[in-house]
Amino acid sequence: MADNNNCIKCDVAIVGSGFAGALIANELSQKGISVVILEAGPGVQPNINDAMKRFYNAAVKVPESAYPPELFAAPEKLAAGRPTSASLGATSWNDPKQSYFVQKGPRPFTSTYERVAGGTSHWLGTSLRFVPRDFTMKTSYGKNAPDFPFPDWPKAITSQSLSSCYARAETELGVSADVKEQSFLGIDFSKDYTYPMPRIPPSLIDQRIGQALANLTDDETKFLAMDKPVTEIKVRSLPAARNSQPYRNRRACAGNTNCIPICPIQAKYDPTITLNEATDRGAKLIDHAVASEIIVENERVSQINYITYKEEAGPKTGEGCVKARIYVIAANAIETPRLLLMSKNKGRTANGVANSSDMVGRHLMDHPYYVAWALLPPTARPVFPYRGPLITSGIGDLCDGPFRAKRAAFRVDIGNEGWNYVIAGSAFGDDPHLTTIDFVNGMNSGGLNAKEFNQFGKDNVTLFGAELAHKLNDLISRQFRIGFLIEQTPDPSNRVTLSSEFTDALGLPRPEISYDLSEYTRQGFVAAFRMRKLIFDKMGATDFTHRAPDPSIGSPGSFQEMIDGKTVTLTYGGAGHIMGTYRMGDNPRTSVVDSFQRSHDHNNLYLVGSGTFPTGGTANPTLTLSALALRTADSIAGDLKTRG
Amino acid sequence: MSTSRHYERNQVASGAMDHEQAGEVSRRAVLAGTVAATAAAAVLPVAGSAYAQGVDPSSKPDMMAFLLLSAALTGVHVITLAPEFSIDPKKTDILDQDPGVDPINVKNDYFKWLNAHDAATFGKLLQIAKDHRQSAAEIIAAVNAGDDTKFLARSIALLWYLGSWYKPADLQKNSAPGKRALIDSQVVSAKAYTQGLVWQIVQAHPMGYSNLQFGYWSREPVDPNDQNSRSDFGFITQTIP
């Protein structure tokens, strides 16, 4: 074990250097508080050139492609492993030899994350506030339903009370948006508030979908079960932490269409920016340091132990420990409960640290992501995808209403990357590659090389030369796709535990995951399915979603529902929005942390990140977790002051 | 919104079919003249057995043959494939022209890559290009006459379009009409990825590699080099070069 007398000493020890960890480290460092950050993965790189090269050279371009470790390495041979898109295939998702997660099902959990300094640098940049009733689901929609699955957030957290923290987060991340456009469903902005930068302009497909949904009949939209009849559905720009003008020494977005996994010009905010500020101010970042146990003495955390390594594949090269007055675990909604559960303190906390409620690891949520893709007719003007930021607009107005008593809400994303990763349910590779191969080699993996679309009077043509070029231009410039982020119920049986069988290269137990979609959540998919049909019909577009191959070839995340008398296969992927596994609440028996994200059990321990969300709403969680992290930083600074 | 190239494309496409009418005057007219002169002379200065001795990227006729082959397979002008290519009007045979050296020079990388993969078949393809250098259609017909040349030619088209190497054998294995399959590939280099032609062909840019400016995505694409005609399709050809 580490020599406890030689522990690093500081005021605040933070595990994890992603959004929450970096923001808290920076806030505290500004106040002259000494901070040590343990990062499981590699540290901040001197520039992004290696990451770009890694991305360009990757045969499989997935969110993980720009970042270490090696994509196809066996998870038991990685010191700081991670879930990957590549290990979410029909046969790999529940094979612990291929998948870092030990997945117990019944359905696959399909989100991934990184373990590198900065954490979620491969995010899209979407920075939505929650709508007010996202915080009060039980009171608003389940007051008289004893089995209603959603709790309220703590009383102290409301749209209004969080408004100033949201504003601070928007300043730190650098959010581009228009207040008037974002003022819907009662979102609270303080008087005269303006976002740091003007909005990101909408893409051609955003504009086209907006036009298509401008005039609707009650009959067409009654399936939405909103409180008022809907005759127009607005497409709004998404608030994004992506510069629309130079901001804090970073350039304006140049539309590289690569927010995920990496912006080549860092026009999109990522946490390494704040992390670098924190370390410039004196915070100490220790990389390649995997926290392995939180030591508790007399109800308070007294120390965190960690393991060091040098090579991606391990082995362990040493141990260390850090002693602080206050401890913050900011290791995401899977690695945080993993660490809490691993911390058994020789049996004194056999059920894990901060876990008297038995809620640690439970209520795992994502925004199961339902995508649909279609082709505009030859008579339509092309929309020219593969241009601009990956997503610039969406439909948010449908994510709250009386229907939430019965079925899950959804938010619609509009993709600017054509059929890039959705084509054929991603079973055969990405576009534009796939469609190019189809026409060069007479194949039809993607569905376009059929006479009704290729207009050559026969199926499966093989082309060279100008014919090939013109055909690809004609078809690919008419591709578009939409996606639905669906709210998920916080179910206690959707949970992260520790595998008793499988470990990583440091000998630490890997996360074991049980996951399912409730009936309430699945009903959200049914509504999304109808919404998809409405959008495609209004655009005169041909739906290609149903041309995806049997999900047994591609993503295993699918299920069947009866819709209007027909059996329909619905497929989901992960949004990367991992939430809920150490929920906040006012009652210590049913929650893990309070509204300041402080452990109910240990008053010098904070658990931060989207793991504290009691419910997930439909907004991308980053802005909300950042706002909460800033609120926590204030609380920590206050603690240190009162205790001298 | 003014004219989209969607409509102009028809014009360009039909122009490409009948290349006397193609709107792209200067270079193409010159080259058409060159090719016609060559064809009239009916002289084939390079022996049919050239490939047997191996081909060489530093040999101008070999590189020109590769560019003619590539232009035929991709439908993209030689000048786009080899940006420093220039025409010397004194030289009547296109094979004697100078392919040029450009700072990116992906053509040399591809030439070497193909030669290393299968020198014999690659040599055959270059010979086809030399023998039929007056016509893209003839090159394509000759390439399609044998499986070895056909599938390597498909790999070459994909190489230029995508910057990735798809093995001819893998293409052949999956060539049943309408087949659906994932075909393994290898990105040749970061440079090859960013030079992939398909992105330009669909009027976009390689994901993660754009030279455009803020806000361009809310407008229809316009070729910055061709503001007046808005014909960003000028680089596609049905004839060569």
Side-chain angles (χ1 to χ4, degrees), chain A residues 52-53 55-59 61 201-204 206-207 244-245 252-258 262 264 381-382 384-389 392 416-418 420 424 427-429 432-433 436-437 440-445 449-450 459-460 462 464-470 472-474 476-477 549, chain B residues 1 4 6 9 13 16 72-76 136-137 140 143 153-154 157-158 161-162 164 166 171 174-187 189-191 193-194 197-199 201-205 207-221 233 236-238:
Chain A
M52 287 311 301
K53 206 167 167 188
F55 167 76
Y56 289 146
N57 279 308
K61 289 188 167 51
S203 67
L204 296 172
D206 296 339
Q207 298 168 33
S244 63
Q245 46 189 227
C253 171
N256 275 278
T257 325
N258 213 53
I262 185 165
R381 293 179 82 87
F384 301 105
Y386 305 89
R387 298 161 80 243
T392 38
N416 291 332
E417 80 296 42
N420 174 243
F428 308 120
H433 295 58
T436 307
I437 296 166
V440 168
N441 209 35
M443 300 169 67
N444 196 17
S445 298
N449 197 359
D459 295 334
N460 312 316
T462 61
F464 276 132
E467 275 190 321
L468 173 64
H470 283 304
L472 293 178
N473 175 274
D474 169 41
I476 292 176
S477 64
Chain B
M1 288 193 272
S4 111
H6 193 51
R9 178 181 51 228
L73 298 177
T74 61
V76 172
I140 291 172
V143 156
R154 291 181 182 183
L158 294 174
Y161 269 50
L162 305 171
S164 288
Y166 293 81
L171 294 174
N174 291 292
S175 60
K179 176 119 192 231
R180 308 182 82 184
L182 171 69
I183 302 182
D184 282 342
S185 64
Q186 179 187 350
V187 177
S189 62
K191 180 169 80 177
Y193 170 76
T194 58
L197 294 172
V198 73
W199 306 100
I201 284 166
V202 304
Q203 291 165 276
H205 55 80
M207 292 171 83
Y209 188 81
S210 164
N211 295 317
L212 298 164
Q213 294 297 315
F214 179 78
Y216 76 87
W217 55 87
S218 62
R219 303 180 291 271
E220 291 194 349
F233 255 53
I236 297 180
T237 174
Q238 185 130 5

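What you are looking at is a predicted structure, and each value in this text was computed from that prediction instead of being measured. In what follows, chains are A, B, ... by sequence order, proteins preceding strands, each numbered from 1.
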Considering only heavy atoms, which portion of [X] lies under 4.5 Å from any heavy atom of chain B: side chain, backbone, both, or neither?
X	result
A:N57	both
A:N420	side chain
A:A58	backbone
A:T462	side chain
A:P201	both
A:Y386	both
A:I437	both

Got a donor-acceptor contact below 3.5 angstrom from the [X] side chain to the [Y] backbone?
X	Y	result
A:Y56	B:K191	no
B:R154	A:V440	yes
A:S477	B:V202	no
B:W217	A:F384	no
B:H205	A:T257	no

To check you understand the geometry: which heavy-atom pair defines the closest contact between [X] and [Y], and what is its length?
X	Y	result
A:A59	B:S185	CB-O, 3.6 Å
A:Q207	B:S218	NE2-O, 3.3 Å
A:R381	B:E220	NE-OE2, 3.1 Å

Chain B: which of [options] shares the most heavy-atom pairs with it under 4.5 Å?
options	value
A:G255, A:S203, A:G442	A:G255
A:I476, A:L472, A:N441, A:N258	A:N441
A:P264, A:P202, A:P385	A:P202
A:A252, A:G429, A:G418, A:P432	A:P432

Roughly how far, to the nearest 0.5 Å, is [atom2] of [Y] from [atom1] of [X]?
X	Y	atom1	atom2	result
A:H433	B:I183	NE2	CD1	12.5 Å
B:S175	A:N460	OG	CG	11.5 Å
A:K61	B:M207	NZ	CE	10.0 Å

Let me know if [X] has heavy atoms under 4.5 Å from chain A in its side chain, its backbone, both or neither.
X	answer
B:L73	both
B:A153	both
B:A181	both
B:I140	side chain
B:Y161	side chain

